[in-house]
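As the structure is a prediction and not an experimental result, all values here were calculated from the model.
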Amino acid sequence: MIDVLIVGAGPNGLMLACELALAGVHPVVLERHAEPTGEPRANGLVGQVVRLLDRRGLYAPLSGESTPPTPQPAFVFGAFPLDLTTLADNPHYALGVPQARLEAVLAARAGDLGVDLRRGHEVVDLRQRPDAVEVRLADGTRLTSRFLVGADGGRSTVRRLAGIAFPGTTVDTSVSRTATVTVPASSLDPATGGLRVPGYGVVPPFQHTRTPRGLIAWAPFPGRPAILSTTEWPDTPPSDETPMSLAELRASVARVLGADVPFGPPDGPGLLRRLTGGNTRVADRYRADRVLLVGDAAHVHPAMGGPGLNLGLQDAVNLGWKLAATVRGWAPQGLLDTYETERRPVAERVVMSTRAQSALIAPGDDITGLRELFAELLRKPEVTGHIAALMSGADVRYPADPTDPLAGRNAPDVIVHGDHGALRLAELTRTARPLLLDSTGAFAEVAAPWRDRVDVITGPLRGTTATALLVRPDCFVAWSAGDADTLRAALIHHFGPARSLSASASA
């Protein structure tokens, strides 16, 4: 029997497969497409997920850099530029990598870990038993697994077959047009890389610009074709049966800016896409017995601010260690259910953020007045800091002991000094195992009965005021304060009952 069957080989499904494999579970990934589509989708990652990728050793192969990620000096919220250089603790990270590249790196990592990735296999039916899930593929093949995870996107077949509702709203009032383009060198602002438009001014790069008539974004990615996009709210949206064209985008740009922009097709194949409206939905449950959902299968929302991969990949890492613990038999009672109780509030907060941004970019004089007030608020550093934490996911805190200042929060980037030298947390978490960092050595004996599943590192800690940290596999803090009794309670709560010392020694 298969341990875990994952449906969907996008970033979320592949990330989950890697997490399970690191934890000693053998997943099988089914993807209905015979080959990677290469279809342009997300153009990068933003938020705390960049730190997470660093903590799994994936940042370097994705970025091509040997140094750790650093916070970004600026971002955008609802077409407002955010100056993050004023923040004492800037939580916002970004990694400009196209989704196709992300999928390729994750697929290679999955292959290195022994993940069984099967392309060209489409799930058409599933049935649950008390101890397993049986799926039927389009070619008639039947597979049985202990658990099934739907990572198959917003139109998830797994979600539908499992009978999980997907309540929310569909809006069809906006039209977004996007294309990869080339522009004359004379149209580029040499200082900023912005798009110079006679009769309008400069459209700044890598942010949304609102006008009274719509929204425009200009993204001149280094080393790959630039992307130009618009959003409008027409009285009569174009028919989906009419193919999108550069001429249609050119006319849209002229309406939004009130001026013409000279651009042509990219050198080679490119993106040419029109989207009418959008969906905001969250699954009414993330789990139906032995079927679970991650990523867009569990939630869809507007793309404002690019939170999709930040949300979905962290879903996968949160679920990975809990599902592995359940399969391997050491999960404490109810651990798997905490996947939804921890991740659903995060999805609902992203929905709130994207809805607020969608309202702020809409046309109309009333919205203009609202934006004037919002611009005043953003001049306050505490408001900018609040928005930056919201956009990056740095404000996430899972339910935890309220007397423990770090429990439930993303672990700080501590450095451990010891016989092994000075190591960053990101160098210690690549195995995806629970980790006790102990600056005094006094807690190592407490954690000894859990040594089959918890690694202990002793040595002085830099980057935190805590003398010891118990870090979950998803790099959130399980415990950071107290004595041996509170540590023991945290170990049991998160990682199950201890084995005896003799049993763990022979394991």
Side-chain angles (χ1 to χ4, degrees), residues 38-44 74-76 78-81 94 96-101 173-278 302-306 357 360-364 368 371:
E39 178 183 344
R41 293 182 181 177
N43 292 299
F75 198 56
V76 63
F80 286 97
V97 58
Q99 182 167 324
R101 170 65 179 160
T173 55
S174 65
V175 178
S176 298
R177 299 173 174 89
T178 304
T180 45
V181 300
T182 55
V183 300
S186 59
S187 295
L188 297 178
D189 179 55
T192 66
L195 189 61
R196 295 198 299 194
V197 182
Y200 172 79
V202 176
V203 177
F206 301 112
Q207 68 180 59
H208 293 100
T209 298
R210 178 188 180 268
T211 76
R213 298 167 295 278
L215 198 73
I216 187 167
W218 163 246
F221 293 104
R224 51 192 174 109
I227 292 179
L228 185 63
S229 66
T230 63
T231 302
E232 296 180 273
W233 289 260
D235 293 333
T236 304
S239 170
D240 290 338
E241 297 178 359
T242 303
M244 168 71 175
S245 65
L246 282 183
E248 181 180 330
L249 177 62
R250 188 172 290 109
S252 176
V253 170
R255 289 192 297 269
V256 170
L257 294 181
D260 292 325
V261 174
F263 62 82
D267 298 326
L271 170 65
L272 197 61
R273 181 174 63 202
R274 180 203 306 123
L275 297 176
T276 301
M304 292 293 295
Q357 292 180 78
L360 284 167
I361 65 172
T368 298
R371 290 181 62 84

Would you name the heavy atoms of [X] and [Y] that are closest together and state the gap between them?
X: Ala179; Y: Leu246; answer: CB-CD2, 3.9 Å
X: Pro205; Y: Gly194; answer: CD-CA, 3.7 Å
X: Pro212; Y: Pro363; answer: O-CB, 3.5 Å
X: Pro220; Y: Ala226; answer: CA-CB, 3.8 Å
X: Thr231; Y: Ser174; answer: CG2-CB, 4.2 Å

Quick check, are the ring centers of Phe206 and Phe75 under 6.0 angstrom apart? no

### Query
Quick check: are there more than 12 heavy atoms from other residues, nucleotides or ligands sitting under 6.0 Å from CG of Asp189?
yes

When you measure from the side chain of [X] to the backbone of [Y], do you find a donor-acceptor pair of N or O atoms at a distance under 3.5 Å?
X: Thr178; Y: Arg273; value: no
X: Arg196; Y: Ser186; value: yes
X: Thr182; Y: Pro265; value: yes
X: Arg177; Y: Leu249; value: no
X: Arg210; Y: Ala362; value: yes
X: Arg255; Y: Gly214; value: no
X: Thr211; Y: Val256; value: yes

How far does [atom1] of [X] sit from [atom2] of [Y], to the nearest 0.5 angstrom?
X: Leu272; Y: Glu248; atom1: CG; atom2: CD; result: 8.5 Å
X: Ser176; Y: Met244; atom1: OG; atom2: CE; result: 10.0 Å
X: Thr209; Y: Leu215; atom1: OG1; atom2: CG; result: 7.5 Å

Below 4.5 Å, heavy atoms only, C-beta onward: do [X] and [Y] meet side chain to side chain?
X: Val261; Y: Trp218; value: no
X: His208; Y: Ile361; value: no
X: Asp260; Y: Arg250; value: no
X: Leu228; Y: Ile216; value: yes
X: Arg224; Y: Pro98; value: yes
X: Val175; Y: Pro238; value: yes

Sorted by chain and residue number, the ring-ring contact (aromatic ring centres under 6.0 Å, His included) partners of Phe80 (sequence neighbours excluded) come out as Phe374

